[in-house]
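The shown structure was predicted, so the numbers you read here are calculated from the model rather than taken from an experiment.
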Amino acid sequence: MNDLIRVENLTKRFGSFVAVRGIDFSIRRGEILGFLGPNGAGKTTTIRMINGLLRMTAGTVTIAGLDIRRDRRRIKEMIGYMSQRFSLYPLLTGEENVEFFAGLSGLSRAGIRGAIRSLADRMPPGTLKQKVTDIPPGHRQQISLFSCLLGDPRIIFLDEPTSGVDPRNRRQFWQDIYALRSRGKTILVTTHSLDEAEYADRILIIHRGKIIERGEPARLCARYRADSIEEVFLQAVEKNETA
């Protein structure tokens, strides 16, 4: 079996509101899985349940054969998570953020200094000395991704990683994601960007807490006789609304 992550009947209720409705899917080793849906569809809730940050109401999640409920500590060592809302401390500098997250990852003082130099070499001079609030969005995302990868995780969860980033930096970000895949990493990317979803190996479309479509981008376009994932998405939502 080539599945690294298996999700079965995953459900989350907040009182009477059902945010995620019994979804099932798997993620293969070395795959980029795109999780596509509008804001409020259940993407972030799902990703937080999978990595153990949010208690599920029902269902099971297994990662490398380990159960997220019983083996959270062991699973945590495999995972890097770049959160949509909270990735960096805004009042610290970029360098201070890297130093903090590198320390959490167990790097030595020499390793931390090396990590900071490595990132600084990729950015305009002085960027890491600025407070995060003063750093342009594209460079902030670079720092966030770099910090997420400091522990060399096997599995990477990226929640809306290019939100607010300009097209040039977005393309660079996806080049970084492809480079991670070439190193054997398994990646789940959530997005509400319809054009961006086409970069993934496979797509899950989620709407109102339910997965309403799934497959490889080209196959989905062929099945729906569509020219783009945007057309696939609109048809899938309409089909689900009228079902």
Closest heavy-atom pair and its distance - [X], [Y]:
{"X": "Leu36", "Y": "Ser193", "result": "CD1-O, 3.9 Å"}
{"X": "Phe14", "Y": "Ala19", "result": "CE1-CB, 3.7 Å"}
{"X": "His139", "Y": "Gln142", "result": "CD2-OE1, 3.0 Å"}
{"X": "Met82", "Y": "Ser144", "result": "CE-CB, 3.6 Å"}
{"X": "Arg202", "Y": "Ser26", "result": "NH2-O, 2.8 Å"}
{"X": "Gly34", "Y": "Ala200", "result": "N-CB, 3.5 Å"}

Close side-chain approach of [X] and [Y], heavy atoms under 4.5 Å:
{"X": "Leu88", "Y": "Ser147", "answer": "yes"}
{"X": "Ile205", "Y": "Ile211", "answer": "no"}
{"X": "Ile177", "Y": "Leu158", "answer": "yes"}
{"X": "Ile143", "Y": "Val98", "answer": "yes"}
{"X": "Val237", "Y": "Ile212", "answer": "yes"}
{"X": "Val20", "Y": "Thr11", "answer": "no"}

Does [X] come within less than 4.0 Å of [Y], counting only side-chain N to carboxylate O?
{"X": "Arg171", "Y": "Asp176", "result": "no"}
{"X": "Asp3", "Y": "Arg6", "result": "yes"}
{"X": "Glu160", "Y": "Lys43", "result": "yes"}
{"X": "Glu241", "Y": "Arg208", "result": "yes"}
{"X": "Arg113", "Y": "Glu99", "result": "no"}

Taking only distance into account, with no hydrogens and no angle test, what donor-acceptor pairs under 3.5 Å do side-chain atoms of residues 116-125 form with protein atoms, sequence neighbours excluded?
residue : atom : partner : partner atom : Å
Ser118  : OG   : Arg122  : NH2          : 3.4

Side-chain ([X]) to main-chain ([Y]) donor-acceptor, under 3.5 angstrom:
{"X": "Thr191", "Y": "Val189", "answer": "no"}
{"X": "Asn240", "Y": "Ala236", "answer": "no"}
{"X": "Asp159", "Y": "Thr190", "answer": "no"}
{"X": "Glu8", "Y": "Val61", "answer": "no"}
{"X": "Glu198", "Y": "Asp195", "answer": "no"}
{"X": "Lys12", "Y": "Arg21", "answer": "no"}
{"X": "Thr186", "Y": "Gly30", "answer": "yes"}
{"X": "Ser228", "Y": "Glu231", "answer": "yes"}
{"X": "Asp201", "Y": "Ile32", "answer": "yes"}
{"X": "Arg154", "Y": "Met78", "answer": "no"}

Problem set entry | Steps toward side-chain contact (heavy atoms from CB on, under 4.5 Å) verdict (Thr60, Asn9) | CA-CA 7 Å; Thr60 59; Asn9 192 38; over 6 Å; no
For this session: For Phe173, enumerate each residue passing the ring-ring contact (aromatic ring centres under 6.0 Å, His included) test, keeping only those at least two apart in sequence or located in another chain.
Result: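 Expected list: none.
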For this session: Give a yes or no on whether Arg13 atom CZ has more than 12 heavy-atom contacts from other residues, nucleotides or ligands under 6.0 Å away.
Result: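 No, CZ of Arg13 has 12 or fewer neighbouring heavy atoms, counting only those of other groups under 6.0 Å.
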Exercise. Within a radius of less than 6.0 Å around CZ of Arg223, do more than 12 heavy atoms belonging to other residues, nucleotides or ligands occur?
Worked result: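 For Arg223, atom CZ is crowded (more than 12 foreign heavy atoms under 6.0 Å).
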Are [X] and [Y] linked, directly or through other ILVMFWY residues, by side chains that come within less than 4.5 angstrom of each other?
{"X": "Ile135", "Y": "Leu91", "result": "no"}
{"X": "Leu188", "Y": "Tyr178", "result": "no"}
{"X": "Ile187", "Y": "Val7", "result": "no"}
{"X": "Met56", "Y": "Ile50", "result": "yes"}
{"X": "Leu4", "Y": "Ile156", "result": "no"}

Problem set entry | Stepwise side-chain contact (heavy atoms from CB on, under 4.5 Å) test for Ile63 and Ile75 | CA-CA 7 Å; Ile63 299 179; Ile75 290 173; 3.7 Å; yes
For this session: Evaluate salt bridge (charged side-chain N to carboxylate O under 4.0 Å, His left out) for Arg183 paired with Asp152, printing each intermediate quantity in order.
Result: CA-CA 11 Å; Arg183 289 165 47 195; Asp152 194 25; 3.5 Å; yes
Exercise. Given Glu96 and Tyr89, is the side chain to side chain donor-acceptor pair (under 3.5 Å) satisfied, shown in steps?
Worked result: CA-CA 9 Å; Glu96 288 167 340; Tyr89 290 96; over 6 Å; no
